[in-house]
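Written below as structure tokens is the structure these notes are about.
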Amino acid sequence: MTDKPRWFQTTAIDYPNSRPHIGTAFEKLGADVQARYRRMEGYDVFFLMGNDENTLKVADRAKSLGQEPQAYCDDMARQFQEVWKALDISHDTFIQTSHERHKQCCRKFVQKVYDNGYIYKGSYEGWYCPGCEEFKSDKVHAESGGLCPNHKRPLVRRSEPCWFFKLSAFKDRLLEHLKGNPEFVQPESRRNEMIGFIEAEGLQDLNISRHGEEWGIKLPFDPEFTIYVWFDALLTYITGIGYGDDEATFRKHWPADVHFIGKDITRFHTHIWPAMLWAAGEEAPRKVFSHGFVYVKNEEAGTVEKISKSLGNVIEPMEVISKFSADAFRYYFLRECPFPSDGEFSWTRFAEVYNSELANSLGNTLSRCTTLILKNFGGVLPGTNGYTPSWDYLSVPFDNKMSIVKPSVPRTLEAARSLTESCNYNQAIINILLGILSPTNQYLEFKAPWKLVKTDKEATKEVLFNAVQSLRAVSILLKPFIPKSAEAIYTSFNFPTPWAEVKYADAAELKAQPDDLRITAELIDGKVKPLFPRIG
RNA sequence: CGCGGCGUGGAGCAGCCCGGUCAGCUCGCCAGGCUCAUAACCUGGAGGUCGUUGGUUCAAAUCCAACCGCCGCAACCA
């Protein structure tokens, strides 16, 4: 239908045993920025998200609430999507692994791997607690002195039959792949880590079955067993685009351009996942991006804590969104927490960033421009039809300090573009603010249109026209990050290109204004409403 | 000796890969300016021997070594 380049990306899928918190949301945000940016760049984007439901924990949680697992999962899926919607996450599909279509496609995949000889029967041996009826890791065994942490009873050595995936068979190919494709695992440090793991420990075959569980997907060749939740979860990335029942769609999208995941599950995505795909005769994904974590700053203690229920520091996205806005939420995390590494949240810091950058810098610049035009020109700059933007007003040194770093919209555009593509979102945003917004305020200060208008209306018109161009550029560059606010800024004026058609490169475009530049924003008491009211 | 990351003015960070043009940015603080704007904006200032020690070099925040301190991960806790 189109020769647009395609772009397929996913986030990790989440366990629905509790509602999403700000850390969960961080990943979706980072992925969303990429999706929005790629759409602006003309890609045919398909963005997959979902929930990972076939785990015993989910079934247990449902039981404790007196619900059927399926009903529970469906309700949680609804709740998750409500949050994603509130955050303006622009995913195209949302997969629930408990749904029949996923299960069937999943079984087809497993069967294929089995047919190809990469699944074999063996036995798993480990430390078992008869009270919990489950195996405990060697770590637990070592740390608890051989006792079950829950039952305080001795763990017993036990072995039981199971099915293994022959992960070890892919060791050489995987190492070669990791080493030969620097882009495959990002950021770089994770890639080194992943190579290091294999070189140090090799790859052991993986038990991919669980015995005697009701909730889950049955192995097609041995219905006594269910499929280990990870093996099934990873498959959403392909079952969600038609693997197993819609070959054409699957071929259109696969291989994925990027999987966005948390740094804790990098091994699953860079060792097990490619091996699984190869075992089924498919290609590995092009890139796995391991983002950092968000921690919560405990402002009383001055410490930084991992988000956890036991510490009672869980913050849900809705707490922030309902108090402020989705864009305020997006801005904070994208600006303040470097996507490839870790970040922190605190309400104090939130208010600082919000006031300083969204209210004082971005919102206030819009206010001063619109007010000047409204007060002095009745909202229209007459005779500016045919004016073509030029960025000289920012790069000509209007103050002797300016010569060091000449701000330039085209240069900022390129910086923002490359930083966004490499998922360094916070750096991209900083560049946009420092590269355009800040010099624009200096420019206004230097030209003082509020004074100039008394002596030279023509010159004032040009100054305001220029300043508004900065807002246009900034709104375009910020579109992937704070879509609603960016749109509000852009549509406050009658710029020639419709918002929906704006490309990233248009930020630096030199397209003539066909009509007189005018304020098109809604006016309240003759003024444009503040975009980001300060937090008191 | 498990793996990885971090330590830069009061706070948060950038710079380090490719040594010199680097001590930079934001917030806060102090002084001044402006008054179009969301008590916003602009200018100037105080404040750091870039964790420690040693090495390489004409020259190190930047490279090398050792040490100290903080943090994360270690197969189902985003």
Side-chain angles (χ1 to χ4, degrees), chain A residues 11-15 17-18 20-28 52 55-57 137-139 167 187-190 192-194 196-197 200-201 204 206-207 210 228-231 233 261-268 271-272 291-295 297 302-304 306-310 335-336 338 341-344 346 348-349 351-353 355-376 399 401 404-405 426-427 430 433-434 438 440-453 460 464 467 527-536:
Chain A
T11 62
I13 58 174
D14 299 302
Y15 284 135
N17 41 9
S18 56
H21 55 62
I22 54 176
T24 326
F26 183 52
E27 171 176 296
K28 315 310 169 195
D52 184 7
T55 166
L56 213 54
K57 284 184 181 173
S137 68
D138 288 348
K139 182 191 173 191
L167 183 60
E188 188 74 16
S189 58
R190 297 279 158 231
N192 296 338
E193 206 177 337
M194 291 306 116
F197 269 127
E201 300 170 29
Q204 285 164 11
L206 188 72
N207 175 5
R210 291 296 181 268
Y228 171 49
V229 63
W230 261 103
F231 205 89
I261 58 159
K263 62 182 184 181
D264 55 329
I265 53 176
T266 311
R267 293 181 77 179
F268 287 100
H271 292 169
I272 301 173
H291 63 77
F293 279 179
V294 172
Y295 297 86
K297 178 134 188 187
T303 53
V304 177
K306 189 164 180 172
I307 297 173
S308 87
K309 276 189 231 170
S310 49
R335 156 67 178 91
E336 191 58 18
S341 33
D342 299 336
E344 290 168 24
S346 79
T348 305
R349 186 73 191 136
E352 276 171 17
V353 170
N355 278 339
S356 151
E357 297 184 5
L358 286 179
N360 297 352
S361 191
L362 185 56
N364 185 55
T365 307
L366 175 68
S367 289
R368 64 194 310 203
C369 287
T370 53
T371 306
L372 282 164
I373 295 172
L374 287 163
K375 274 195 180 169
N376 298 306
D399 184 307
K401 294 278 171 189
I404 301 169
V405 181
N426 63 327
Q427 306 268 0
I430 292 166
L433 260 59
L434 259 47
S438 185
T440 300
N441 273 321
Q442 292 171 330
Y443 170 74
L444 285 172
E445 207 63 32
F446 181 69
K447 291 287 184 183
W450 51 92
K451 253 186 220 163
L452 188 63
V453 72
T460 308
L464 293 176
K527 295 181 72 175
V528 174
K529 189 177 72 174
L531 191 58
F532 299 103
R534 276 180 65 88
I535 299 174

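To find a chain, count down the sequence lines: A is the first, B the second, and so on, and within it residues start at 1.
- The gap from the P atom of B:rG48 to that of B:rA23 amounts to 15 Å, rounded to the nearest Å.
- Within the nucleic acid shown, A:Asn364 comes within 4.0 Å of at least one base atom, counting heavy atoms only.
- Spacing of C1' atoms, B:rG51 relative to B:rU8, comes out at 10 Å, to the nearest Å.
- Nucleotides B:rG5 and B:rG47 place their P atoms 36 Å apart, quoted to the nearest Å.
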### Message
Pairs counted only when both distances fall under 3.5 Å, Watson-Crick or G-U: show me the 5' to 3' dot-bracket for RNA chain B, [ ] for pseudoknotted crossings and | for other-strand partners.
### Response
.(((((((.[[[[.)....(...]]]].(((((.......))))).....[[[[[..)....]]]]])))))).....
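- Taking the six-membered ring where the residue is Trp, A:Phe197 and A:His271 present perpendicular rings, their angle passing 60° and hence far from 30°.
- Residue-level contact check: A:Gly196 touches neither bases nor backbone, having no heavy atom under 4.0 Å from any strand.
- Residue A:Gln442 has its side chain nearest to B:rU43 when only B:rC27, B:rU43, B:rC36 are considered.
- Comparing B:rA78, B:rC36, B:rG5 by their closest approach to the side chain of A:Lys375 singles out B:rC36.
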Provide a list of protein-nucleic acid N or O atom pairs under 3.5 angstrom, restricted to nucleotides 32-34 of chain B.
unit_1: B:rG33; atom_1: N2; unit_2: A:Glu445; atom_2: OE2; d: 3.2

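- Base engagement by A:Pro533 is indicated by at least one non-hydrogen atom pair under 4.0 Å involving a base atom.
- A:Gln204 comes within contact range of at least one nucleobase, with a heavy-atom separation under 4.0 Å.
- The gap from the C1' atom of B:rU53 to that of B:rC73 amounts to 30 Å, rounded to the nearest Å.
- At whole-Å resolution of the value, NZ in A:Lys306 and C1' in B:rG72 are 8 Å apart.
- Across B:rA11 and B:rC16, the matching C1' atoms stand 23 Å from one another, rounded to whole Å.
- Among the protein residues, A:Phe532 comes within range of the nucleic acid bases, having at least one heavy atom under 4.0 Å from a base atom.
- On the P atoms, B:rG7 is 14 Å away from B:rC50, given to the nearest whole Å.
- Between A:Glu344 and A:Arg349, none of the side-chain N atoms (NZ, or NE/NH1/NH2) sits under 4.0 Å from a carboxylate O, so this pair counts as no salt bridge.
- Across all strands shown, A:Lys529 has no heavy atoms under 4.0 Å from either base or sugar-phosphate atoms.
- Using atom P as the reference point in both B:rA40 and B:rC18, the two lie 45 Å apart (nearest Å).
- Look at the P atom in both B:rC71 and B:rA65: the space between them is 25 Å, to the nearest Å.
- In this structure, A:Arg190 places its CZ atom 11 Å from P of B:rC6, rounding to the nearest Å.
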